[in-house]
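Proteins come first, then strands; the chains are lettered A, B, ... in the order of their sequence lines, and each starts at number 1.
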Amino acid sequence: MNDDFITPLLAWFSQEAADLPWRNTRDPYRIWLSEIMLQQTQVSTVIPYYERFLETYPTVHDLAAASQDELLKQWEGLGYYSRARNLHTAAKQIVSEYNGQLPTNADELQHLKGIGRYTAGAIASIAFGEAVPVLDGNVIRVFTRLFDIADDVRQQTTQKRLWQIAEELIKAVPEGRAGDYNQALMELGRTICKPQNPLCERCPIAEHCLALKNNVQNERPIKTKKPPTPHYDVTCGLIWNEDGQLLITKRRDDALLGGLWEFPGGKIEEGETLEACLARELREELGIKVEVGTLYMRVKHAYTHFKITLHAFNCHLMANSPPPSCHDCQAFQWVSVSELSDYAFSRADRYIIEDLQNRQYRLL
DNA sequence: AATGCGGGGTA
DNA sequence: TACCCAGCATT
């Protein structure tokens with residue numbers, strides 16, 4: 001494997017590295033946090049979350065002492081909420097078992113919740129200077145172009161081969177520069193070696209790029225297509241009580257959007273009306289009987305694996321309904337419209353909340 | 001080895 | 001619309 005690109009890549013990074021918040025620190029806690037937030041999430045999306053998060057939790061001790069609800073409220077909108085739950089678990093573990101210090105090498109880091117091979121390599125190389133590789137979407141794209149690799153990168157054998165390449169190359173990186181080199185590869189992928197229309201004329205290692213030489217840079221990496229995602233109709237209840245409060249429920253940790261709050265409801269079944277679906281879901285989930293009233297609004301939303309149309313109905317408890325009890329949720333709560341802002345909700349529910357609060361505001 | 005897991009940006 | 005993003009845990 002030709003490693004001649006390493007020197008010009010490092011030189012480019014020294015000159016052109018963007019000034020990102022997590023590059024102004026050597027604090028392993030901050031490096032760790034940035035790497036978790038950056039999983040499957042673009043740099044520009046992460047920055048405001050990262051800065052706000054560190055104001056709230058400046059140290060791993062502050063994070064370990066947080067409540068899950070408070071933490072998820074901080075994470076609200078960032079997605080992949082298991083990252084926040086795992087971060088919390090790991091923080092508590094670091095405080096109780098590691099004396100408040102992160103492990104200092106990649107192998108030990110991988111024992112912590114939410115840290116896999118990529119994240120362990122990133123933290124170990126950036127925070128501790130260990131000569132270990134990283135392989136993320138950016139690096140995969142750079143490598144498949146640099147070495148003109150035409151294999152399907154979704155295949156396990158290709159992933160293995162790419163990790164082997166990464167392992168070989170890191171050995172040729174100058175002592176103490178592994179963190180810079182790994183960041184340089186990712187930054188090149190993010191800013192120059194982009195998925196579509198890469199900026200090869202500005203690439204510092206273009207003369208080493210086999211895909212460019214073969215004029216196939218736009219056809220790398222090769223990925224098999226994913227099947228189209230299904231669409232579901234989902235209902236939820238805006239269940240009002242006499243005090244103008246709404247009933248919300250907290251989702252189970254092992255579910256989609258685990259730990260977030262929601263307006264209770266669920267997915268429609270074959271041949272079922274929306275109203276019947278909602279009445280059934282509320283009976284199953286909370287053991288309550290409701291009168292399903294008018295449609296409040298519909299929200300369309302796309303998840304990774306499916307799309308939904310969320311139908312929100314005004315409801316109230318029937319006089320002979322049992323009080324709510326959690327059958328398939330962690331908790332429930334009656335809250336006013338303005339108090340909804342204190343709880344972490346998914347994007348789809350936040351559209352509804354925004355509308356509820358706007359209408360309330362206009363009435364005042 | 002395959003699948004589930006969010007939400008926003010981009011062309 | 002479809003693809004992409006500083007991937008990981010679970011089964």
Whole-Å distance separating the CZ atom of A:Arg83 from the P atom of C:dG7: 9 Å
Side chains of A:Asp136 and A:Asn138, donor plus acceptor under 3.5 Å: yes
A:Arg83 to A:Tyr81 six-membered ring, cation-pi geometry met (6.0 Å, 45°): no
Sugar-phosphate, base or nothing in reach of A:Ser346, heavy atoms under 4.0 Å: sugar-phosphate
Residue whose closest nucleotide on DNA chain B lies nearer the 5' end, A:Asn197 versus A:Gly79: A:Gly79
Side-chain donor/acceptor of A:Thr41 to base of B:dG6, under 3.5 Å: yes
Sugar-phosphate only, base, or nothing, as touched by A:Arg23 at under 4.0 Å among non-hydrogen atoms: base
Lys/Arg cation over aromatic A:Tyr351: A:Arg347, 6.0 Å, 45° cone: yes
Cation-pi geometry met for A:Arg251 and A:Trp261 (6.0 Å, 45°): no
Sugar-phosphate only, base, or nothing, as touched by A:Asn182 at under 4.0 Å among non-hydrogen atoms: nothing
A:Met186 vs A:Val139 side-chain heavy atoms within contact, under 4.5 Å: yes
Sugar-phosphate, base or nothing in reach of A:Ile36, heavy atoms under 4.0 Å: nothing
Check: A:Tyr181 ring centre within less than 6.0 Å of A:Phe13 ring centre: no
Closest-nucleotide ordering on DNA chain C, the 5'-leading residue of A:Lys307 and A:Gly189: A:Lys307
base_contact_polar (B:dG6 base, A:Thr304 side chain, donor-acceptor, <3.5 Å): yes
Length of the NE2-P vector between A:His111 and C:dA9, whole Å: 12 Å
Touch class at under 4.0 angstrom, heavy-atom based, for A:Trp75 against every strand present: nothing
Residues A:Arg52 and A:Tyr57: side-chain donor-acceptor under 3.5 angstrom: no
Side-chain donor-acceptor contact under 3.5 Å, A:Glu339 with A:Ser336: yes
Length of the CG-P vector between A:Leu33 and C:dA6, whole Å: 16 Å
Proximal nucleotide (of B:dG9, C:dC4, B:dA1) relative to the A:Thr45 side chain: B:dG9
Nearest-nucleotide pick for A:Arg347, side chain only, options being B:dG8, B:dG6, B:dA1: B:dG8
Consecutive-pair stems (3 or more, Watson-Crick or G-U, under 3.5 Å) for DNA chain B: B:1-5 with C:7-11, B:7-11 with C:1-5
Short side-chain N/O contact from A:Lys226 to OP1 or OP2 of C:dT1, under 4.0 Å: no
Interatomic distance where OH belongs to A:Tyr49 and C1' belongs to B:dG6 [whole Å]: 10 Å
Rounded distance in Å - CG (A:Leu20) to C1' (C:dA6): 11 Å
Length of the OH-P vector between A:Tyr232 and B:dG4, whole Å: 9 Å
Side chains of A:Gln93 and A:Leu112 in contact at under 4.5 Å (non-hydrogen atoms): yes
Integer angstrom distance from the P of B:dA11 to that of C:dA6: 14 Å
Interface residues of residues 116-130 of chain A with DNA chain B (non-hydrogen, below 4.0 angstrom): none
Pair A:Gln159-A:Arg154, side-chain donor/acceptor within less than 3.5 Å: no
Distance, C1' atom - from B:dC5 to C:dC4, rounded to whole angstrom: 16 Å
Sugar-phosphate only, base, or nothing, as touched by A:Gln196 at under 4.0 Å among non-hydrogen atoms: sugar-phosphate
From CA spacing to verdict: side chain to side chain donor-acceptor pair (under 3.5 Å), A:Ser338, A:Gln357: CA-CA 7 Å; A:Ser338 56; A:Gln357 294 181 334; over 6 Å; no
P gap between C:dT11 and B:dG6, integer Å: 15 Å
Phosphate OP1/OP2 of B:dG4: any A:Tyr80 side-chain N/O under 4.0 Å: no
Presence of A:His305 side-chain N/O under 4.0 Å of B:dT3 phosphate oxygens OP1/OP2: no
Positive for side chain to side chain contact (heavy atoms under 4.5 Å, CB included) with A:Ile239, one of A:Phe332, A:Trp334, A:Phe313: A:Trp334
Gap between atoms NE2 and P, on A:His88 and C:dA9 respectively (whole Å): 17 Å
Sugar-phosphate, base or nothing in reach of A:Leu185, heavy atoms under 4.0 Å: nothing
DNA chain B: 5'-proximal contact among A:Ser82 and A:Lys194 (nearest heavy atom): A:Ser82
Nearest-Å distance for atom pair NZ/C1', residues A:Lys223 and C:dA2: 12 Å
